[in-house]
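Notes follow the structure.
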Number of protein chains: 2
Amino acid sequence: MNNPDSQTLPRTGRIRIDNQARIIEAAEMEFAEAGYKGASMVSIAKRAGLPRANVHYYFNNKLELYNRLLLDILQLWNTAFSQITAEDDPAEAIGAYIRAKVMYSKTNPRASRIFASEIIQGAPHLSEYLETDFRDWLRGKSRVIDAWAAQGKIDPVDPLVLIFLIWSATQHYADFSVQVVSVLGDRSLDEVDFEMVATNLTHIILKGCGMKPPTDHSLPRLAMS
Amino acid sequence: MNNPDSQTLPRTGRIRIDNQARIIEAAEMEFAEAGYKGASMVSIAKRAGLPRANVHYYFNNKLELYNRLLLDILQLWNTAFSQITAEDDPAEAIGAYIRAKVMYSKTNPRASRIFASEIIQGAPHLSEYLETDFRDWLRGKSRVIDAWAAQGKIDPVDPLVLIFLIWSATQHYADFSVQVVSVLGDRSLDEVDFEMVATNLTHIILKGCGMKPPTDHSLPRLAMS
DNA sequence: GCTATCCTTGACATAAATGTCAACTTATTG
DNA sequence: CAATAAGTTGACATTTATGTCAAGGATAGC
């Protein structure tokens with residue numbers, strides 16, 4: 001085998017770093033657009049502007065490349081969202097979380113799509129993660145929400161439904177952006193749009209759970225062209 | 001060409017009807033699990049328990065089969081959701097809509113996943129639909145919601161955000177069911193779960209938009225095993 | 001029970017994708 | 001400035017997928 005170890009021992013040169021980055025970028029596009037099975041190494045190589053054999057030099061096979069991407073995505077996901085505890089003010093914590101999630105959709109739409117495809121297709125490469133870290137995180141946060149409800153700070157809504165509501169509503173603007181854009185008259189979403197989505201969602205969700213929303217009137221609107 | 005016309009002239013025999021149904025069922029599974037590019041006719045034929053050439057007898061190629069499926073899905077989508085008008089009571093109309101959408105996720109999870117994959121992957125086969133029927137429907141409903149807001153019946157939330165919120169939150173239980181199931185301890189979702197999701201979502205969304213939710217306390221919960 | 005149509009399927013021809021290799025070139029470093 | 005390591009790439013072997021066809025079997029309507 002030519003490749004000594006593409007994963008654990010990144011050697012000195014910046015050539016390696018550069019090329020791996022280009023390949024990962026290309027792979028992110030391809031996997032986001034085609035899913036795991038539908039993606040092809042040929043296409044990834046083309047996007048990266050490298051001969052296919054060169055891609056195989058850095059990543060032995062398609063699965064290895066895909067797993068690397070998934071790992072990056074999970075890592076990003078874990079670090080991007082702060083820890084919420086029962087002591088926090090729920091309105092503030094949930095509001096900040098919604099906002100962070102919306103901005104994540106704006107900044108990392110492809111990561112979001114790859115993750116979504118993986119889950120839709122039955123999460124064959126993420127089952128372990130789902131059974132462990134993911135489950136624990138979610139159960140932990142559920143307890144926090146329950147605690148808030150017990151203290152009368154929020155309505156006694158089901159915590160899982162609330163969390164899934166926040167996730168789905170925010171990820172929608174990454175995963176389904178084509179749909180959103182098409183109704184806006186093919187103008188793409190900008191910073192202001194995302195702000196406006198965050199504000200509206202925060203209003204509905206906070207108020208819907210019995211908290212005081214930050215803005216009570218004059219909600220901003222999406223402009224249709 | 002063997003096949004006279006697989007689309008427009010369904011001939012007499014029930015053989016045709018039976019086999020087409022089996023193939024469509026198989027294709028639905030395959031496309032839901034792999035997306036358009038990732039799906040293979042080999043795999044569809046296996047699922048249908050037919051030799052591949054036989055599948056090609058009924059559907060000339062993969063795209064034709066896929067388009068047929070998309071058409072079925074859009075048709076289902078159009079007929080399944082009633083027309084909401086400005087004269088309706090918003091709480092009732094939106095509540096009923098949320099409930100219908102949740103039940104759609106329960107009943108047609110694969111259709112939902114195929115549609116989701118198509119959109120995530122850039123909707124290459126649905127661009128026309130998105131630019132016409134879809135857009136019109138959505139703009140029409142937006143005006144209804146605006147009218148409700150103008151009459152002071154609901155908070156002046158952005159109508160698109162509200163609709164997307166309802167869609168994403170309800171479809172989540174079809175598209176991301178693996179994720180949901182994994183946190184419940186690998187017990188699959190049943191009728192009661194979907195009822196409970198509908199009730200919780202209705203509470204949050206109606207209240208969040210300034211309407212009176214049907215149940216104000218004692219919301220049901222998802223049981224984790 | 002004959003005949004026209006419909007259905008079935010193994011076999012073929014292409015095309016596309018995957019992963020490997022060996023020969024070669026470019027970098028790095030002592 | 002060697003000489004060792006790292007990187008590049010065309011070519012190969014294999015696998016998988018696609019769509020077509022022709023020959024034969026089953027069905028239906030008369």
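Please read all numbers here as calculations on a predicted model, not as lab measurements. Note on naming: letters A, B, ... go to the chains in the order of the sequence lines (proteins, then strands), and numbering restarts at 1 for each one.
Judged by distance alone, the side chains of S112(A) and Q171(A) never bring a donor and an acceptor atom under 3.5 Å apart. Counting only N and O atoms by type, the side chains of T199(B) and R99(B) include no donor and acceptor under 3.5 Å apart.
The side chain of H56(A) approaches dT18(C) more closely than any other nucleotide in the set dT18(C), dT9(D), dG19(D). With dG19(C), dC7(C), dT28(C) as the candidates, the nucleotide lying closest to the side chain of I15(B) is dC7(C). Side-chain proximity of N54(B) to the nucleotides dT8(C), dT18(C), dG10(C) is greatest for dT8(C). Side-chain atoms of Y58(B) lie closest to dC7(C) of the nucleotides dG19(D), dA17(C), dC7(C).
Projected onto DNA chain D by closest heavy-atom contact, V42(B) and A53(B) fall at different nucleotides, the more 5' of which corresponds to V42(B). Mapped onto DNA chain D by nearest heavy atom, P51(A) and S43(B) fall at different nucleotides, with P51(A) at the one closer to the 5' end.
For the atom pair OG of S117(B) and CD of E33(B), the computed distance is 10.5 Å after rounding to the nearest 0.5 Å. Summarising the geometry, atom NE2 belonging to H56(B) is positioned 11.0 Å from atom CG belonging to N54(B); distances are rounded to the nearest 0.5 Å.
For R16(A) and dA6(D), the shortest distance from a side-chain N or O to OP1 or OP2 is not below 4.0 Å. Residue Y57(B) places none of its side-chain N or O atoms closer than 4.0 Å to OP1 or OP2 of dT8(C). For K62(A) and dT18(C), the shortest distance from a side-chain N or O to OP1 or OP2 is below 4.0 Å. Within the 4.0 Å cut-off from OP1 or OP2 of dT8(C), at least one side-chain nitrogen or oxygen of N19(B) is found.
Among the protein residues, N61(B) comes within range of the sugar-phosphate backbone only, with heavy atoms under 4.0 Å from sugar or phosphate atoms but none that close to a base. The residue A45(B) sits apart from the nucleic acid: no heavy atom pair falls under 4.0 Å.
Rounded to a whole Å, the CD1 atom of I23(A) is 11 Å from the P atom of dG7(D). Taking atom CD of E64(B) as the reference point, atom P of dT18(D) lies 14 Å away to the nearest angstrom. Atoms CZ (R14(A)) and P (dA6(D)) sit 15 Å apart, rounded to a whole Å. One can place OH of Y36(A) at 11 Å from C1' of dT18(C), the figure rounded to the nearest angstrom. Rounded to whole angstrom, the span from the CZ atom of F59(B) across to the C1' atom of dC7(C) amounts to 15 Å. One atom, CG of L65(A), and another, C1' of dG19(C), lie 14 Å apart when rounded to the nearest Å. K37(B) has its NZ atom 17 Å from the C1' atom of dT18(C), to the nearest Å. Going from atom OH of Y66(A) over to atom P of dA17(C) covers 18 Å, rounded to whole Å.
Taking the six-membered ring for Trp and the full ring otherwise, the centers of F164(A) and W167(A) sit less than 6.0 Å from each other.
H125(A) and Y66(A) have perpendicular rings, their planes meeting at more than 60° on a 0 to 90° scale where under 30° would count as parallel.
Evaluation of atom-type donor-acceptor distances gives a pair under 3.5 Å for the side chain of R52(B) against the base of dT18(D).
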